[in-house]
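What follows is a short report on a single structure.
In what follows, chains carry the letters A, B, and so on, assigned in the order in which the sequence lines appear, proteins first and then strands, with residues in each chain numbered from 1.
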Protein chains: 2
Amino acid sequence: MVNEQEFLAGYDPRAYPAVAVTVDVVALTIRDGELQVLLIQRAAPPFAGFWALPGGFVRPEEDIAVAARREFAEETGLGGEPLRRVHFEQLASYGTPDRDPRMRIFSIAYLAFAPDLPEPSAGSDAGDAEWLAVTALPTRELAFDHRKIVDDGLERARSKLEYTPLATRFVGEEFTIADLREVYETVWGHPLHAGNFHRKVLSVPGLVEGTGATTEHGGPRGGPRARLYRAGDANLLHPALLRPAREETVR
Amino acid sequence: MVNEQEFLAGYDPRAYPAVAVTVDVVALTIRDGELQVLLIQRAAPPFAGFWALPGGFVRPEEDIAVAARREFAEETGLGGEPLRRVHFEQLASYGTPDRDPRMRIFSIAYLAFAPDLPEPSAGSDAGDAEWLAVTALPTRELAFDHRKIVDDGLERARSKLEYTPLATRFVGEEFTIADLREVYETVWGHPLHAGNFHRKVLSVPGLVEGTGATTEHGGPRGGPRARLYRAGDANLLHPALLRPAREETVR
DNA sequence: CGGGGTTATTCTCATCCTGAGTTATTCTTA
DNA sequence: TAAGAATAACTCAGGATGAGAATAACCCCG
């Protein structure tokens, strides 16, 4: 039997069938009171002209998570501190043999949560980029299996709001309880009881901490000035902020 | 601009640097009242002689999930109905550039839950295979980044017991409430209140359904015959069966 | 064969959390 | 200045949880 050195010296990677690995990013933000996902229009085949998730090949010496951040930054033009405030997490991997007509391509999907972002600037390999309301997804055909990836990302996002403080990633540095409630209502897609939500947010340790300040003015249609809060230091919410169970999802 | 056909005809996969994709399986079972993970001893370099997760290269036309089941079946010798009762789910993907000395290898990890399984039969490419108690993991150095993968799998398993009926995958077709409680205690690593657990399991809709039968005998050290149950039809537990929050994990 | 130890199952009870509704107060707009 | 709207706080009933105890069935040992 050969030892490790001899083995590696005689090892030929080219002996294996070619496969490739890409990252795709499901980037979510809240704009105009709607949950929106970042899409780019493909300029080159395959699926030229179709809308797709931002993503691309992982570079030879690049870590996957770094690749995901790079692809996101390229499409949004974001960098520096604003980019650091964006939360990234691995979502899942997709590798059905025929998901890409070129060759066997595995995609490692990432999920990104970002506060209200400006209109995206198109990257070099994208014909166009835009934020699309997730409610409009059913009318838009996406490239590859990206519809499935987006659906998985949305379910992950809805679920993560329950037991993590990720909702604070959708709002600015300072926010009101109503801002936070709007995030939950938008992502979950139904209204919440304002009073109960308020009580709950303040009772969960480490979710938010008060700044002592209030908003400059009341709401656009009246109401008192709201107190401002910052994200707290909790990583997990306990007790969790559960969305009402829908009978369909249980069985 | 070329159309899709012309593009694909002129496409050369060999133009890209070689990468490979493997699956690794974190297979968990409960044997002798302990949570155990399936490991194989590597026969060939790299990491020859080290213990590692069962896994291997995804075949050219093979789906990832199929590859995970195949690798698991090869190492355990399991097939047919017993194999169908094993739950598989994708865990996460690992692709740090230097995680494998041979080349850039991405690993897509799967998590498997199985009821009490027999001693594994060694596969063709494994020097040996064994179930190792997870409590013994700290004393055993694993190949590649498999320690991290196992840790992620264990956390996923503990978390999934809370809100899904997966605990029923660790016991046989018919089981007692005490069997189920032992699963939770073993995976979570601390004792539960028998009375409260009993009440909770029976109150969650769709978790279990009674068979009408009882065990043949009482427990080995006494006690009445216990009623037998089957897994119910729920996919999600509501309300969830939460493990007591540990302060460390929250912040 | 009888008693002690063990375990399944059911109850009790105090406490906490949740959903729903109400009230006081502050602020904007007409 | 009055009406409308939103924040924040309070009330109350019902459900869920944690802790402890009671009851009854069953095993093993002496």
Side-chain angles (χ1 to χ4, degrees), chain A residues 33 161-163 171 174-185 188 190-205 207-229 236-247 250, chain B residues 33 162-163 171 174-185 188 190-229 236-247 250:
Chain A
L161 286 201
E162 295 190 314
Y163 57 94
V171 294
E174 299 198 339
F175 51 87
T176 68
I177 305 271
D179 291 338
L180 210 54
R181 178 161 50 82
E182 197 194 326
V183 171
Y184 276 91
E185 292 180 333
W188 285 350
H190 58 77
L192 299 175
H193 186 293
N196 291 341
F197 183 85
H198 197 275
R199 174 184 59 190
K200 178 71 185 179
V201 166
L202 294 184
S203 75
V204 175
L207 210 200
V208 300
E209 57 183 31
T211 65
T214 68
T215 52
E216 289 288 319
H217 307 285
R221 282 173 300 188
R225 300 177 180 186
R227 290 183 207 166
L228 288 171
Y229 296 86
L236 283 175
L237 306 188
H238 189 83
L241 227 159
L242 299 176
R243 50 187 156 161
R246 287 155 303 167
E247 184 64 27
V250 173
Chain B
E162 294 190 315
Y163 57 94
V171 294
E174 299 198 338
F175 51 87
T176 68
I177 305 269
D179 291 338
L180 210 53
R181 178 162 48 85
E182 197 194 325
V183 171
Y184 277 91
E185 291 180 334
W188 285 351
H190 58 77
L192 299 174
H193 185 293
N196 291 342
F197 183 84
H198 198 102
R199 173 184 62 189
K200 177 72 186 178
V201 167
L202 293 185
S203 74
V204 175
L207 211 200
V208 300
E209 56 182 33
T211 66
T214 69
T215 51
E216 289 287 318
H217 308 285
R221 282 173 302 188
R225 300 177 181 186
R227 291 185 206 162
L228 287 171
Y229 296 85
L236 283 174
L237 305 188
H238 188 82
L241 228 158
L242 299 174
R243 49 185 157 160
R246 288 155 302 167
E247 184 64 29
V250 173

Could you state the atom-to-atom distance from CG of Leu202(B) to P of dT17(D) in whole Å? 13 Å
So which atom in Arg243(B) and which in Glu162(B) form the shortest heavy-atom distance, rounded to 0.1 Å? CG-OE2, 2.7 Å
Starting at atom NE2 of His193(A), determine the distance to atom P of dC10(D), rounded to an integer number of angstrom. 15 Å
Under-4.0 Å side-chain N/O to phosphate OP1/OP2 contact, Lys200(B) with dT17(D): yes
By the ring-ring contact (aromatic ring centres under 6.0 Å, His included) test, which pairs, at least two apart or in different chains, include something from residues 196-216 of chain B? Tyr184(B)-Phe197(B)
So, is Arg227(A) near the phosphate of dA9(D), with a side-chain N or O under 4.0 Å from OP1 or OP2? yes
Where is the tightest heavy-atom contact between Pro239(B) and Val204(B), given as atom of each residue plus distance? O-CG2, 3.7 Å
Within this structure, what is the CG-to-C1' distance between Asn196(B) and dA21(D), rounded to whole angstrom? 12 Å
Between Glu185(A) and Leu192(A), is there a donor-acceptor pair closer than 3.5 Å when you use the side chain of the first and the backbone of the second? yes
5'-most contact on DNA chain C (nearest-nucleotide basis), Arg225(B) vs Leu242(A), goes to Arg225(B)
Quick check against the 3.5 Å criterion: does Thr215(A) have a side-chain atom that pairs as donor or acceptor with the backbone of Gly218(A)? no
Span of DNA chain C engaged by chain B, first through last nucleotide within the 4.0 Å heavy-atom cut-off, is dG5(C) to dT12(C)
By nearest-heavy-atom nucleotide on DNA chain D, the more 5' of Pro239(B) and Leu228(A) is Leu228(A)
I want to check something: taking the side chain as every heavy atom from C-beta on, are Tyr229(B) and Leu207(B) in contact at a cut-off of under 4.5 Å? no
Hey, what are the protein-to-nucleotides 3-6 of chain D N/O distances that come in under 3.5 Å?
from	atom 1	to	atom 2	distance (Å)
dA5(D)	O4'	Arg221(A)	O	3.0
dA5(D)	N3	Gly223(A)	N	3.2
dA6(D)	OP1	Arg221(A)	NH2	3.1

Using a heavy-atom cut-off of under 4.0 Å over every strand shown, decide if Arg199(B) touches base, sugar-phosphate, or nothing. base
Are Phe175(A) and Val208(A) side-chain neighbours, meaning at least one heavy-atom pair lies under 4.5 Å? yes
Got Leu180(B) and Val201(B) here, is their nearest side-chain heavy-atom distance under 4.5 Å? yes
Rounded to whole Å, the CD-C1' distance (Glu162(B) to dT17(D)) equals 15 Å
What integer distance in Å separates His238(B):NE2 from dG15(D):P? 13 Å
Does the side chain of Thr214(A) reach to within under 4.5 Å of the side chain of Leu228(A), using non-hydrogen atoms? no
